[in-house]
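We're numbering straight along the sequence, starting at 1. In what follows, every heavy atom counts, from backbone to side chain, and hydrogens, waters and symmetry copies are set aside. All of these numbers come straight from a predicted model, not from anything done at the bench.
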Amino acid sequence: MHLHILGICGTFMGGLALIARAAGHRVTGCDAAVYPPMSTQLAEQGIDLIEGYGADQLALAPDLYVIGNVVTRGNPLMEAILDSGARYVSGPQWLGDNILPGAHVLAVAGTHGKTTTSSMLAWILEAAGLRPNFLIGGVAHDLKVSARYDPAVRPFVIEADEYDTAFFDKRSKFVHYRPRTAILNNLEYDHADIFPDLAAIETQFHHLVRTIPGSGRIVLPTGSEALDRVMARGCWSETTRFGAGGSWQAGPADNDGAFEVRRDGRAIGTVGWTQGGEPTRLNALAALAAAEHAGVDAAAGVDALSRFGGVKRRMELRGTAGGVKVYDDFAHHPTAIATTLEGLRRQVGAARILAVLEPRSNTMKLGAMAARLPGALQLADQVYCFGARSGKHALGWNPDEVLAPLGGRAASFDDLDALVAAVARAARPGDHVLVMSNGGFGGVHGKLLDALAREAR
């Protein structure tokens, strides 16, 4: 079957394309901007890519168009598809109908930590010899790719996003996945462009819970009021809790970041790493509990996590120039920003942290979380906020006003080169520059490293 995928360079749709190719389909695709690293992965698999959404792509005459949720009405190719009466389906539904039936689906949902926890879970299963299939919104260093598929393999780890499925299907993506094991990692308000309030997101999580079989397992934290409300609406599956008072607990981290894992009060082993703070330890507990449901011994899971190498774009060191380290992180929600800064602060102690932030997500652009930013950025010594004044990524709020509580520690820019120059002038040897954005941020990491190198001459 020939599939033509609209929005193919997004992490989810690009991963879906790789899976479809591995399943034996001919795959082509298009996107508004065909760019690496996803374009490179796709091209290596023989997938032809087209720049833009021209209606002339109708001449490809595929058997089915697979539509990503970046596609809206008014898109020229989508309008041509609708006018022609051609067959089309959303990406999540195609995956749920054609790839996931018969699999042991392990879905990782939650406002924060989905990619990291999914990667941990897939790595634990990999280390146990189960060779899992997976579709994850990032690339773990140990797994090398964001998606993998072998039809002979039963475990399938998937990052289960609550964002809507497509312009014609406003349910959350994860309702299409029908998991047997589900991690509900946490739940906060997000995606202000599609959800009016937290209660609306809780409803979608309740829909997910209703799809999990009685023989399934739901893994969730203790102390989450939002998730407790979700579970109070009905649960028909086994539940396992992690965190303080739960079945799975983490001891305090030592100076090297290692911590003891306990299962029902019994010590299982020690995870030795420097991956981050308390939220990362909780992610690890969730992954261990889910892997156990897939048949992995807890001690073997702990041993695997001790060898976990982390995920790209999660506190990833991009380089050092002039004695200044530059990191890349995907954080874009205030809670994730605060957690990321907390983890870096624990690693670097009293050294200066220069936070460079692009509030690029739809929620942040709308300003629904803007008031929480000063608190989230408290651990940074200096804050540089990039906010476009016009165009697709324009902010609907004034960063100078929002960040005023930080005083002279914060500055905002609508010119990326000016921001880079300001950071390079301010940085000193021994500083740590933390870049946080859920997009490419105009290649700011390389620009910063180049500017820092010039300043050091």
A.B. asks: Search all heavy atoms of Gly91 against all heavy atoms of Val66 and return the closest pair with its distance.
C.D. replies: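 Between these two residues, the closest heavy atoms are CA-CG1, 3.6 Å.
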A.B. asks: Could you tell me which non-hydrogen atom of Gly14 sits nearest to which non-hydrogen atom of Leu42, and how far apart they are?
C.D. replies: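 Scanning both residues, the minimum pair turns out to be O-CD2, 3.6 Å.
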A.B. asks: Above 12 or not: heavy atoms from other molecules or residues under 6.0 Å from CZ of Arg210?
C.D. replies: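 Atom CZ in Arg210 is not packed in, count stays at 12 or less.
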A.B. asks: Could you tell me the separation between the OG atom of Ser146 and the CG atom of Leu16, rounded to the nearest 0.5 Å?
C.D. replies: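 With rounding to 0.5 Å, OG (Ser146) is 11.0 Å from CG (Leu16).
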A.B. asks: Would you call Arg171 and Asp169 a salt bridge, using N to O less than 4.0 angstrom?
C.D. replies: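 Counted as a salt bridge, because a side-chain N and a carboxylate O are separated by less than 4.0 Å.
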A.B. asks: Within a reach of under 6.0 Å around CZ of Arg409, are more than 12 heavy atoms found that belong to other residues, nucleotides or ligands?
C.D. replies: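 Enclosed: over 12 neighbouring heavy atoms sit under 6.0 Å from CZ of Arg409.
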A.B. asks: Kindly check if the number of other-residue, nucleotide or ligand heavy atoms within 6.0 Å of NZ (Lys325) is above 12?
C.D. replies: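 Atom NZ in Lys325 is not packed in, count stays at 12 or less.
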A.B. asks: What pairs of residues pass the ring pair (Phe, Tyr, Trp, His ring centres under 6.0 Å) test when at least one of them lies in residues 216-248, not counting sequence neighbours?
C.D. replies: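 Counting only pairs at least two positions apart or across chains, no ring pair (Phe, Tyr, Trp, His ring centres under 6.0 Å) contact touches residues 216-248.
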A.B. asks: Can you check side-chain contact (heavy atoms from CB on, under 4.5 Å) on Ile8 and Ile47, steps first, answer last?
C.D. replies: CA-CA 10 Å; Ile8 196 169; Ile47 296 173; 3.9 Å; yes
A.B. asks: What distance do Tyr327 atom OH and Thr320 atom OG1 have between them, rounded to the nearest 0.5 Å?
C.D. replies: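 OG1 of Thr320 is found 7.5 Å from OH of Tyr327.
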A.B. asks: Give every donor-acceptor pair under 3.5 Å between a side-chain atom in residues 97-105 and any protein atom, sequence neighbours left out.
C.D. replies:
| from | atom 1 | to | atom 2 | distance (Å) |
| --- | --- | --- | --- | --- |
| Asp97 | OD2 | Gln93 | NE2 | 3.4 |
| Asn98 | ND2 | Trp94 | O | 2.9 |
| His104 | NE2 | Thr181 | OG1 | 2.7 |

A.B. asks: Rounded to the nearest 0.5 Å, what separates atom NE2 in His176 from atom CG in Leu208?
C.D. replies: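 Interatomic distance, His176 NE2 to Leu208 CG, rounded to 0.5 Å: 11.5 Å.
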A.B. asks: In Å, rounded to the nearest 0.5 Å, how long is the span from CG of Asp161 to OG1 of Thr11?
C.D. replies: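 Output value for this atom pair is 10.5 Å.
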A.B. asks: Can you tell me how far CG of Leu6 sits from CE of Met13, rounded to the nearest 0.5 angstrom?
C.D. replies: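 Result: 7.5 Å between the selected atoms.
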A.B. asks: Listing request: all ring pair (Phe, Tyr, Trp, His ring centres under 6.0 Å) pairs with a residue in residues 198-228, at least two apart in sequence or in separate chains.
C.D. replies: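 Ring pair (Phe, Tyr, Trp, His ring centres under 6.0 Å) check on residues 198-228 returns Phe174-Phe205.
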A.B. asks: Checking side-chain contact (heavy atoms from CB on, under 4.5 Å) between Leu288 and each of Val219, Ile124, Val296, Ile268, which is the one that passes?
C.D. replies: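 Of the listed options, the one satisfying the test is Ile124.
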A.B. asks: Quick one: list whatever passes side chain to side chain donor-acceptor pair (under 3.5 Å) with Arg154, sequence neighbours left out.
C.D. replies: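 With neighbours one apart ignored, the set is empty.
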A.B. asks: Could you tell me whether a side-chain N or O of Glu159 sits under 3.5 Å from a main-chain N or O of Gly137, the two making a donor and an acceptor?
C.D. replies: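 Yes.
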A.B. asks: Between Thr116 and Asn283, does any side-chain donor sit less than 3.5 Å from a side-chain acceptor?
C.D. replies: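 Distance-only check fails for Thr116 and Asn283.
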A.B. asks: Under the side chain to side chain donor-acceptor pair (under 3.5 Å) rule, collect the residues that match up with Glu238, sequence neighbours excluded.
C.D. replies: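 Checked Glu238 against side chain to side chain donor-acceptor pair (under 3.5 Å); matches are Arg217, Thr240.
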A.B. asks: Distance-only, no hydrogens or angles: does the Arg345 side chain make a donor-acceptor pair with backbone N or O of Ala351 under 3.5 Å?
C.D. replies: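 Side chain of Arg345 to backbone of Ala351, a donor-acceptor pair under 3.5 Å: yes, one is there.
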A.B. asks: Using residues 106-113 as the side-chain source, report each donor-acceptor pair under 3.5 Å to any protein atom, sequence neighbours left out, with the distance given to one decimal.
C.D. replies:
| from | atom 1 | to | atom 2 | distance (Å) |
| --- | --- | --- | --- | --- |
| Thr111 | OG1 | Glu188 | N | 2.7 |
| Thr111 | OG1 | Glu188 | O | 3.3 |
| His112 | NE2 | Glu188 | OE2 | 2.8 |

